[in-house]
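Here is the structure we will look at.
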Amino acid sequence: MPSMVESQQPNGNISFKHNRNNNNKPNFFAGRQKILEHRKSLPIASVERRLVEVVQENDVLIIVGETGSGKTTQIPQYLFDSGFCHDGKTIGVTQPRRVAAVTVAKRVAEECGVELGQKVGYSIRFEDVTSSSTRIKYMTDGLLLREALLDPYLSRYSVIVVDEAHERTVHTDVLLGLLKRVQNVRSNHIKNQTSVGHKRASNGAILEKENADPCIGVLKQCQGRNLSPLKLIIMSASLDAHVFSKYFGGAKAVRVLGRQFPVDVFYTVNPQTDYLDSAIVTIFQIHSEEAPGDILVFLTGQEEIESVEKQIHENLQRLPEDKRNMKTVTIFSSLPSEQQMRVFAPAPAGFRKVILATNIAETSVTIPGIKYVVDPGVVKARSYDPVKGMESLIIVPTSKAQAIQRSGRAGREGPGKCFRLYPESEFEKLEDSTKPEIKRCNLSNVILQLKALGVDDIFGFDFIEKPSRTAIKKSLEELLLLGALTDEFKLSDPVGRQMARLPLDPVHSKALILASQFKCLDEMLIAVAMLSVESIFYEPREKLDEARTAKKCFASSEGDHLTLINVYRTSIELLEKRKSEVGKDKAEKVMRKWCKENFINSRSLRHARDIHSQIRRLVEQIGLCISSCGDDTLQFRRCLAAAFFLNAALKQPDGTYRALASGEVVQIHPTSVLFRTKADCIIFNEFVKTTNKYIRNITIIDGLWLTELAPHYYAKQE
Ligand code: CDP
Ligand code: MG
């Protein structure tokens with residue numbers, strides 16, 4: 001790597017050996033044999049018996065193990081085999097990310113030789129692939145929190161494994177707090193049932209001791225239930241297990257040793273101005289100069305991944321035929337499930353696989369065959385200003401721990417190389433580890449859920465790490481303003497309850513509830529589905545004009561929400577028409593072509609369609625009335641104003657906007673259809689902080705509507 005990257009160990013001379021054995025057509029028995037051998041070869045296999053014993057001996061166990069050692073795929077199987085599901089109970093395994101839950105479940109079903117959704121299944125928001133016979137269930141941590149709303153003691157589970165706990169997502173943190181409570185209740189319940197010294201009420205409830213129990217409310221509801229103790233396993237890829245151990249009263253922690261080959265780390269000589277360009281250059285440098293082996297590239301999101309993928313394909317076309325032996329695969333959270341497993345398939349013989357991934361490939365999914373890692377050193381993270389109440393996704397430098405995890409991916413099967421796209425001096429400046437998400441996000445969603453679970457005292461809740469008082473207060477205030485809480489900060493009925501049942505941002509849930517009253521729920525369902533996916537419109541740098549012209553066909557002069565609705569409806573109409581003419585599969589193909597011609601991201605659009613059908617079902621379940629406002633878009637915009645009044649902005653004399661709730665001065669994002677028009681008053685959905693402060697997904701409203709529709713907030717103000 002002469003021009004750009006320089007070795008940290010200049011004399012590091014490594015010989016590469018890479019065995020690819022993918023010419024054999026697999027037959028069933030060979031396949032099973034291979035899987036068995038693979039399972040036996042994992043580092044964790046040698047400690048199976050001991051692991052099961054420590055789980056039996058400890059109610060809470062922390063397992064630390066290197067990525068790829070087999071924790072996620074093997075431990076649930078070991079527990080199943082040693083009888084943890086004997087009485088029809090389930091082993092639940094939570095993941096911070098949807099893709100991890102899905103791909104791991106598929107893999108484990110394959111290892112067990114069962115159909116997915118039977119013994120092994122998964123459940124993520126908007127997708128449930130389980131059945132009454134499911135005993136090993138992978139799911140997102142957010143989903144398990146939702147399940148607790150219906151089953152507060154998680155009584156169907158004998159073991160819950162909280163995987164990837166080191167990621168410290170906000171859902172993981174809240175889940176840990178909840179599980180601590182549930183475990184207490186369940187073991188107290190058993191203790192009380194078996195001990196003799198207590199006075200029992202005629203219905204079997206425990207009367208004494210209860211008053212001292214912080215879970216008194218929950219315990220009362222336990223009456224008559226047949227609850228067994230709950231085993232908790234916290235799994236983490238990082239070494240600081242003591243945080244979890246301390247939180248669970250000094251719980252036992254064990255370490256599973258992995259296999260790690262040396263990885264040579266390279267840094268760029270100079271700082272890079274455009275990390276996407278540098279990543280592409282580095283990929284091709286590796287391809288032309290380095291020995292065979294797959295490349296893993298860390299990018300920040302779907303948009304970046306898709307644009308880099310496109311650029312790689314274009315660059316490949318310019319290479320001589322014999323140098324085009326490169327294949328790209330992608331992995332990110334919202335990738336449709338049928339495409340997710342492609343990342344694990346080996347590239348055709350003689351080809352180099354380039355995996356374009358988000359930080360999901362850091363520890364959540366282990367992809368075999370990687371020998372080179374390209375790490376631009378950035379990650380997309382949530383950031384929250386609790387005073388202004390503004391949350392945004394921003395691209396920030398990774399932590400040292402993340403950089404080390406990333407480089408480790410290159411040394412799983414043999415020595416590898418990692419190319420960090422920044423100078424070595426920058427590494428020293430990185431934070432040691434990432435700040436837990438609960439400290440940098442809007443909390444209204446989790447507070448709403450905790451309230452729905454009966455946790456009224458949010459300030460007193462036993463968080464593993466407490467969010468700031470300001471952040472809690474701000475979110476409580478927001479929920480109050482949305483009508484989800486009463487003046488006593490209790491969950492309101494029906495609005496708060498209905499909002500808690502919808503797996504959406506509270507303000508989106510509120511928009512749906514209001515839309516049923518404004519008789520435009522049909523429109524709002526589409527708007528919410530389209531806002532739930534990343535970038536519907538695709539604007540490649542080199543074809544910007546073409547893309548913007550295409551977008552004009554759908555543009556509504558009233559704003560982005562109606563524009564998105566136009567795209568959705570036009571596409572559905574076309575899809576239905578083609579389906580009746582040429583059948584489902586061909587129709588999907590026609591759709592992809594149509595999307596391409598119109599610079600629409602077909603993956604995102606399909607995802608939006610799935611989300612739409614799921615939330616439609618949910619709003620029907622909670623009894624909302626679905627009707628369309630037809631051409632009366634005024635009604636729809638008034639509804640947007642009523643729901644998103646906290647996201648209203650007024651034009652200022654200099655053409656910028658002032659967000660009313662936060663006082664922040666913002667600009668309309670160039671991708672908005674309202675970019676050049678200068679409406680006086682608008683509502684927006686997203687706040688984006690890059691070098692500028694932008695707002696995105698915008699609709700024009702009338703300023704007077706705010707005092708009319710949100711008088712509790714605006715009446716007192718000017
Ligand atoms: O959880 P941990 O990082 O310890 O490892 P794992 O996810 O259980 O993965 C163990 C092994 O299974 C790795 O060698 C992966 O490459 C392999 N695996 C796979 O081939 N396909 C999957 N879908 C998941 C895992
Ligand atoms: Mg894992």
Side-chain angles (χ1 to χ4, degrees), residues 19-22 26 31-32 34-48 51 62-80 91 93-112 116 120-122 136 138-141 161-167 169 172 233-239 241 254-261 293-294 296 329 331 335 337-347 353 355 357 359-371 405-406 408-414 416:
N19 293 325
R20 248 180 215 293
N21 192 7
N22 51 19
R32 287 225 53 80
K34 230 172 117 186
I35 280 179
L36 266 177
E37 277 166 23
H38 167 87
R39 288 194 62 193
K40 273 199 217 136
S41 74
L42 288 170
I44 207 162
S46 60
V47 291
E48 171 176 354
L51 264 177
I62 293 133
I63 301 178
V64 176
E66 254 148 54
T67 308
S69 53
K71 300 183 297 297
T72 311
T73 52
Q74 306 307 306
I75 289 177
Q77 296 189 66
Y78 298 164
L79 297 178
F80 178 88
I91 298 166
V93 189
T94 71
Q95 297 287 327
R97 296 194 179 80
R98 306 153 50 89
V99 181
V102 178
T103 54
V104 169
K106 285 182 182 165
R107 170 73 188 183
V108 174
E110 195 191 341
E111 289 188 8
C112 295
L116 187 68
V120 183
Y122 70 85
I136 299 179
Y138 290 90
M139 63 199 131
T140 50
D141 40 19
V161 182
V162 180
D163 201 359
E164 302 288 304
H166 64 272
E167 290 249 350
T169 64
T172 297
I233 300 175
I234 322 281
M235 301 208 295
S236 162
S238 81
L239 288 177
V254 294
R255 181 158 181 223
V256 179
L257 292 179
R259 225 175 274 129
Q260 182 68 35
F261 294 88
D294 296 341
L296 171 62
V329 287
I331 187 149
L335 195 67
S337 14
E338 74 274 9
Q339 290 176 27
Q340 289 165 359
M341 295 308 275
R342 282 189 202 161
V343 77
F344 298 99
K353 182 164 83 172
I355 303 145
N359 58 343
I360 185 162
E362 247 167 55
T363 60
S364 301
V365 294
T366 314
I367 303 153
I370 296 163
K371 200 175 181 67
Q405 274 294 347
R406 288 179 176 191
R409 303 299 96 241
R412 281 256 309 122
E413 291 161 25

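Numbers here are sequence positions counted from 1. Every number for a ligand or one of its atoms is a count from 1 in the order of the listing.
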*Considering distance alone, does some N or O of K71 sit under 3.5 Å from an N or O of ligand 1?*
yes
*Could you tell me whether D163 and ligand 1 have an N or O pair separated by under 3.5 Å?*
no
What's the shortest distance from [atom] to any protein heavy atom, and which residue and atom give it?
| atom | answer |
| --- | --- |
| atom 24 (C) of ligand 1 | R107 CG, 3.6 Å |
| atom 16 (O) of ligand 1 | T366 O, 3.2 Å |
| atom 6 (P) of ligand 1 | T73 OG1, 3.7 Å |
| atom 2 (P) of ligand 1 | G68 N, 3.4 Å |
| atom 1 (O) of ligand 1 | T72 OG1, 2.6 Å |
| atom 5 (O) of ligand 1 | G70 N, 3.2 Å |

Could you tell me the separation between the [atom1] atom of [X] and the [atom2] atom of [Y], rounded to the nearest 0.5 Å?
| X | Y | atom1 | atom2 | value |
| --- | --- | --- | --- | --- |
| I233 | L51 | CD1 | CG | 8.5 Å |
| R97 | T169 | CZ | OG1 | 8.5 Å |
| T140 | D163 | OG1 | CG | 12.5 Å |
| Q77 | R39 | CD | CZ | 3.5 Å |

Any non-hydrogen side-chain atom of [X] less than 4.5 Å from a side-chain atom of [Y]?
| X | Y | result |
| --- | --- | --- |
| Y78 | I44 | yes |
| K353 | I367 | yes |
| T366 | T73 | no |
| V104 | Y122 | no |
| T363 | E164 | yes |

*asked:* Distance under 4.0 Å to a non-hydrogen atom of E66: what atoms of ligand 1 satisfy this?
replied: 4 (O)
*Find all atoms of ligand 1 within a distance of less than 4.0 Å from any non-hydrogen atom belonging to T67, and give their numbers and elements.*
3 (O)
*Just one of Q260, R259, K71 clears the side-chain contact (heavy atoms from CB on, under 4.5 Å) bar with E66, so which one?*
Q260
*Which residues and atoms, counting only protein N, O or S, are under 2.8 Å from the Mg ion (ligand 2)?*
T72 OG1
*Is there a donor-acceptor pair closer than 3.5 Å between any side-chain N or O of R412 and the backbone N or O of G408?*
no
*Answer yes or no: is there a donor N or O on one side and an acceptor on the other, between the side chain of Y138 and the main chain of T72, under 3.5 Å?*
yes
So, 4.0 Å and heavy atoms of [X]: is ligand 1 close enough to count as a contact?
| X | value |
| --- | --- |
| G65 | no |
| T103 | yes |
| R412 | yes |
| H38 | yes |

*Is it the side chain (CB and beyond), the backbone, both or neither of V104 that lies under 4.0 Å from ligand 1, heavy atoms counted?*
neither
*In terms of side-chain geometry, is the basic nitrogen of E111 or R107 positioned less than 4.0 Å from the acidic oxygen of its partner?*
yes
